[in-house]
Every structure is written in structure tokens, then in C-alpha cells.
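The structure under discussion appears below in the form of C-alpha cells.
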Protein chains: 2
Amino acid sequence: MVPAESAAANELLAVRAAELYYEENKTQDEIGAILRVTRWKVGRLLAQARERGIIRIEIVHPRARRLALERDLSARFGLKDAVVVPAPADDVELQARVSEAAADYLVSHRPVPRLLGVSWGRTLHQVAEALPSGWSTAVNVVQINGGVSLSKRPGTAAATAVMIAQKAGGQATLLPSPAILERLETKKAIEGDRTVGGVLGMARGASAYLYSAGVADTSSVHVDSGYLTAPDIARLVERGAVGDVIGRYITADGTIADPELDARTLGLGLEELRNSTTSILVIGGEPKHAVARAIVTHGLCSVLVTDEHTARALLDDTDSDHDLEPATTASREDAS
Amino acid sequence: MVPAESAAANELLAVRAAELYYEENKTQDEIGAILRVTRWKVGRLLAQARERGIIRIEIVHPRARRLALERDLSARFGLKDAVVVPAPADDVELQARVSEAAADYLVSHRPVPRLLGVSWGRTLHQVAEALPSGWSTAVNVVQINGGVSLSKRPGTAAATAVMIAQKAGGQATLLPSPAILERLETKKAIEGDRTVGGVLGMARGASAYLYSAGVADTSSVHVDSGYLTAPDIARLVERGAVGDVIGRYITADGTIADPELDARTLGLGLEELRNSTTSILVIGGEPKHAVARAIVTHGLCSVLVTDEHTARALLDDTDSDHDLEPATTASREDAS
DNA sequence: GGCGTGCATGCTCATATGAGCAGATGGCCG
DNA sequence: CGGCCATCTGCTCATATGAGCATGCACGCC
């Protein structure tokens, strides 16, 4: 064998074969005739070309997904399921795609939840909007954390839950309480209230949860809503907070950043999320990578809906090898 | 039928099917099971996805070619053959790729020419360099236009022909004459010379020609070589010259731009190129689109080796429809 | 309401393709 | 120089796939 030369010759042959096969739709037999090799060799050349990444197959569609990343995420973090959408350049677009994907997931998720616990926020609202009317039948919805009653945009939290329920022909049960109370006593009192307590109880019994997460910075809805001030956030960040999950600020370790604040936060606890069968996290965009990592690495969600970049960021964690070694016989471009 | 909805649903299905088929290497049958449709529907979904361009298959390799464009070029301009390489961003790279492609073509061209007529220039020199040693056996080479004896880089023209011949184990016959003579009489005299005349005669008998073309501007090798001055070029451009073919400046109409100058130009005539069985034009890069068009539309070459952009420029000619309707039953991705 | 008409569907069958295997080839080392 | 090992090659056979066809279904037209 003449290593260098014949290898190069083979590569060129592989390119020609690939062109004829994929661009001209010729059969391997025909290609064999053209290139003067047997059809088996053509098959092998094509296999090589795919392995070496000479042939690039891409699925271009806004609704496309990244199944390999989904598989890797599920495996690495022990998720029940993952949905990864290709990241568009534009961040607005990205949020829209992730929300759509979450809506798609919800529509096709089985078993259909009898009662769905939802949080609120910009992302969740988009998910609600992306759901088609009649996406399911008789799915009731319950809010799992305090609403945004002080908000400049009143009713958003309520509107999200109601929209999701309406579109499934179900009832929405709202949590009539602020997200964070100023005094612990007030929080306890409200919690003890029949209505609020009843809703919380109902929320604990939901068969699935759908939520997003916020970043620990002043762009947070909590600041917008007046529950927290910029200095509050600064203090949280100092204590290592990376973001909030259903109103509760957590650190990269997955622990509560400020127990005192957390005690004044009304709604489902993190443990309920962790222990639920189905808790769907919808999250996308660069700023949220840190929160997403905290949530995912600490088992707070069982289903992750996100974008490609976030997925890669999660997988590119430093501590372990992030060798992509798919379980399938699929393309092996990284061999080069 | 519910047009919009079911069409969209089909599209989404098609995307999912494509992902599973091309990214996960599942069989259509398995995909059918997953998506709850029959395997035949999966096949049809995939076909649709390919048609609609949802699935994009690309062959990424410096030596890749654009067979669809080649086919279109051949059909439109009645070429015997065409070679189109994907255009790299970089212009230097582009020239290299085109030259390589020409070398490849020469190597695999059948019947092997007994005697190959070549011109000279930067492009041709690159082709010569790209040819592998021993690319053929006993192919003799003859120059078809006057050499660059006044050049600042003496011997380039000769080196090109000699290199091509050497690498094929053949003899090179050089044309010992300037490209353009100052006086018609001198030209006639030289032409009449036994040696020169003999070479020209030999050139007329070549079984194939390989040449490139120059642009009608001051970057021309003719200016470099001192055969023409900047004002000469300006005058040629005024007369509509778009470039030169083996030393002869032509207009977009394929006619000689300046008959007086042409009469003083020594070498093969355009008619000989036009009437030859095999005349291979190697040309690439934006500046040369106009010359390329003049040559190709007026039958001066039977084989065209070029880059993708030039190919498209030639096909996107305004006067006629450039509907791509290949004669084969091949892929129809270009319908988009 | 009856009846084409056009399209999607599920099938049969021929063909294309990939897995796995036995033999050939050619370099390499003793 | 001969044997050994690794690789490549061409094959058989099972499987995957696409072409073509009959059917079913919904719609529009009379």
C-alpha cells in the first residue's frame, strides 16, 4: 500500500461518490460504473465520507431539534426528557423557538396531566401563547407561586395560567397572593388562609409542573414587580444567587441563597419540584446558563426545554469529559 | 381536508422524520412506529422534506464540485464538459481550486491527447504545478501563443509548457516568438520562419487545447510583459474589449476588438480553438466573468473549468430564462 | 343527493443497500 | 527470502427502500 497517495485518492473518490449519490441521486451501482469501482466499494466510500464529515446533512427548519444534544443531556443529568432547539442568531427569536418547543412538548406529552402546575413570567407567557387552542381536553391549571399583583403589567401571571387552561378546555386556579411578602408573619398568615392554603395544597397535588427561571439581576421580573429592589438583588448575588426558580433564589450549588428571604417567598418549595414525576423547565438564552445549570445539575427538573447553546454550555461543564460519543452508529466527525 | 393545519402538521412530521432518519440513523419503519404513521408515509414525508429543502445535504471538501451547475452550463452553452468548483471566500484559494480542478480534469480526460496545445499565464502555471508527476504517459506539449520573453519573470511561459510535458513524460515544443509584434511585417516574417512556422503548424494539429484568458485591464500579463502599455489597454477597452484569449483581445460579442493589433499577435487563431474537438478553458474569479461569458457564449471552448460564482454569473444571463430544468431525473432541490 | 375528480393512503413487488465473511494483497519483520 | 499480520476486496444474503397501483375519502359540481 502507498499510504498517503492512496488515502488521498480514496478521499477524492469518496467526494465524487458523495456528489453522485447525494446530488445526482445515482445508485451506488451506477456510481461504481462511473468511477470504475465495485458498488461495494462505493458503499464503503460513502460510509467513509459520512464518517469523516465530508457529507454534511443539516435539517433547516425553525421547528427542528437537536436530538443528539437531547440524548446527551438526558444521559448526563438523568432527565426524563429533553428538547433542544437550534439556536437562531436573534435572541427574541430564540425565546420564541424555545417557547414553541415547550408548547409542542406539552401537547404531545403523555400521560396528559390531569392538573398542571405553572409558574409565570415572560417565558411561560410565550409558551401559553404558543399553545394551540384545544391542545388538550380538560387539563386544569394551578399557579404554583405567588402572582405579580404589584406589577406594572397587572394580570400577566393570571393571564398565563388562564390562557393555558382555556386552550385545553380546563379551569385555572390562581394563587391570590404576592410572590414575596415583606414580613414572615404576613406570609405565614396568608399561607394559612383557607383559599391560599387550598390552592397551595392543590398545587402540591399537580401531576406535572411547567416553569421557567429568572436571572439574578435587575432585569428580573421581581424587580419590575416591586417585590425586590436593585440592592436586594445585589445582596442575593453577593450570597451566590444565580437566579430564581418559582420565586426562590438559588446558588450554583442548588441551595437557597437567602433562607430569610426564601421563608418570605410564597409558593411551592423546591423539594416539591424535585420530587415530582414531571417538572418541565423551559429556559433559553445566554444569561440564563448559570441558573439552568444550577437547576439541571441538582435535579430540580425532570424535563428540560432549551436551546442548543444552553445545552452545549450545560454539557461543556468543566469537571467531566464532554466527549460526544453517541450511542448510535451515527456520524463520527470528531475522529479527525 | 383542513388545508393549513394538516399541511403544517405534515411539515412538522417531516422535520421529525428527517431528524430521526438522518441524525439518528433510524429506519423508516422505526420512525413510523415512533411517529405513529406507516413506513410509507415516512418515506413520503422524507421525500417532501428533501423537495422542500428542509433537508440540506452539502459536500464540504476543497475538491468538491457543483454537478448541477456543470450540467446546466453544458446544456446552455453546448459544452462537451464543464467542471465547477465551489467558490472559497478567498480569491487566491479560488484560483488554486480552479487550477487543481483543471489538473484533475486533464488527468482523467479521455481520450488522452497525443499532443496538447497550451497557452501560458498565471492560471496555466498553477495548473501545471497542480498536475501530479506521471499524470499521463507520452503526452507532448506545444505552445499555442507567443511567449513572454520580455517578461520580468523570464521563462514562465516556457516553464509552464515544460512542466506539463515533463510530468507526463513527454516533450515540450516552445513557440520562440514574442506574443505581440510591433510591426505587422515583423510578425509575418517571424511567422514565416521555419522554426516558428513549424511550431505553429504543430500547434494547429494538437488534439486538445488548454488555455486561460486575461482581463482587459492593466493587471494583464501583457502589460507586465511589456507587450502592451496602459494606454493600449485603455484603447482596447474603448473598443469594447473584455479580455484576451491566447493573446487576442475580444469584445463581449466574441469578435476581435482591434483587428490591427490582432494581426500583429502571433499564435493560434480563435477559429482554430472554436473548431477543435477539445479546447479547455480554465478561468475563475469575479474580474473574469465578462471574458468568460464572451468565450463561452461564442463557442471558443468546448470544456469549461471554473468556479461556482462564475458559473452562476454565466447562467444568470439576462436575455434568456435561466430556469434550471436538468434533463435527468435527479434531485430537485434547486426548485426552491 | 348522485357522481365524478383529485388527492392521500396502504399495499405488492422489484430494487438498492448494508452486514458479515472468505479470500487476496501487500507491507514488514525476522 | 519467506511467513505473518493488517487491511482491503468482492462476495452472499437479509433488510430497507422506492415505484407503481388499487382503494378510500372528501369535496365540488351537477
Between protein and nucleic acid, restricted to nucleotides 20-23 of chain C and to nitrogen or oxygen atoms under 3.5 Å apart, what atom pairs and distances do you find?
from: C/dG20; atom 1: O6; to: A/Arg44; atom 2: NH2; distance (Å): 3.3

Can you tell me the distance, in whole Å, between the CZ atom of B/Arg36 and the P atom of C/dT9? 17 Å
A/Arg39 CZ - C/dA16 P separation (whole Å): 9 Å
Do the side-chain N or O atoms of B/Thr38 get closer than 4.0 angstrom to the phosphate oxygens (OP1, OP2) of C/dG10? yes
Atom CG of B/Asn25 to atom P of D/dT15: distance rounded to whole Å? 18 Å
side-chain hydrogen bond (donor to acceptor under 3.5 Å, both in side chains) against A/Glu70, all qualifying residues, sequence neighbours excluded: A/Arg65
Measure from the side chain of B/Thr27, starting at C-beta and using heavy atoms only, and say which of D/dA16, D/dG18, C/dG18 lies closest. D/dA16
Can you tell me the distance, in whole Å, between the NZ atom of B/Lys41 and the P atom of C/dC11? 14 Å
Residues at least two apart in sequence or cross-chain that pass side-chain hydrogen bond (donor to acceptor under 3.5 Å, both in side chains) with B/Asp29, listed by chain then number, are none
What closest approach, in Å, do A/Ala102 and A/Val127 show between heavy atoms, and which atom pair accounts for it? CB-CG2, 3.9 Å
Is the distance from OP1 or OP2 of D/dA16 to the nearest side-chain N or O of B/Tyr21 less than 4.0 Å? no
My understanding is that only residues two or more places apart in sequence, or in another chain, count here; which of them pass side-chain hydrogen bond (donor to acceptor under 3.5 Å, both in side chains) with B/Lys41? B/Asn10
Please report the distance, rounded to the nearest Å, between CG in A/Leu45 and P in D/dC8. 11 Å
Return the set of residues passing salt bridge (Lys or Arg N to Asp or Glu O under 4.0 Å) with B/Glu93 (not counting sequence neighbours), or none when no residue passes. B/Arg97
Whole-Å distance separating the CD atom of B/Gln28 from the C1' atom of C/dA16: 12 Å
Length of the line joining A/Tyr22:OH and C/dA16:C1', which is rounded to integer Å: 13 Å
Could you state the atom-to-atom distance from NZ of B/Lys26 to P of C/dT17 in whole Å? 22 Å
Assess the side chains of B/Lys80 and B/Thr278: does a donor N or O sit below 3.5 Å from an acceptor N or O? yes
Just jot down the side-chain hydrogen bond (donor to acceptor under 3.5 Å, both in side chains) partners of A/Ser136, sequence neighbours excluded, or say none. none
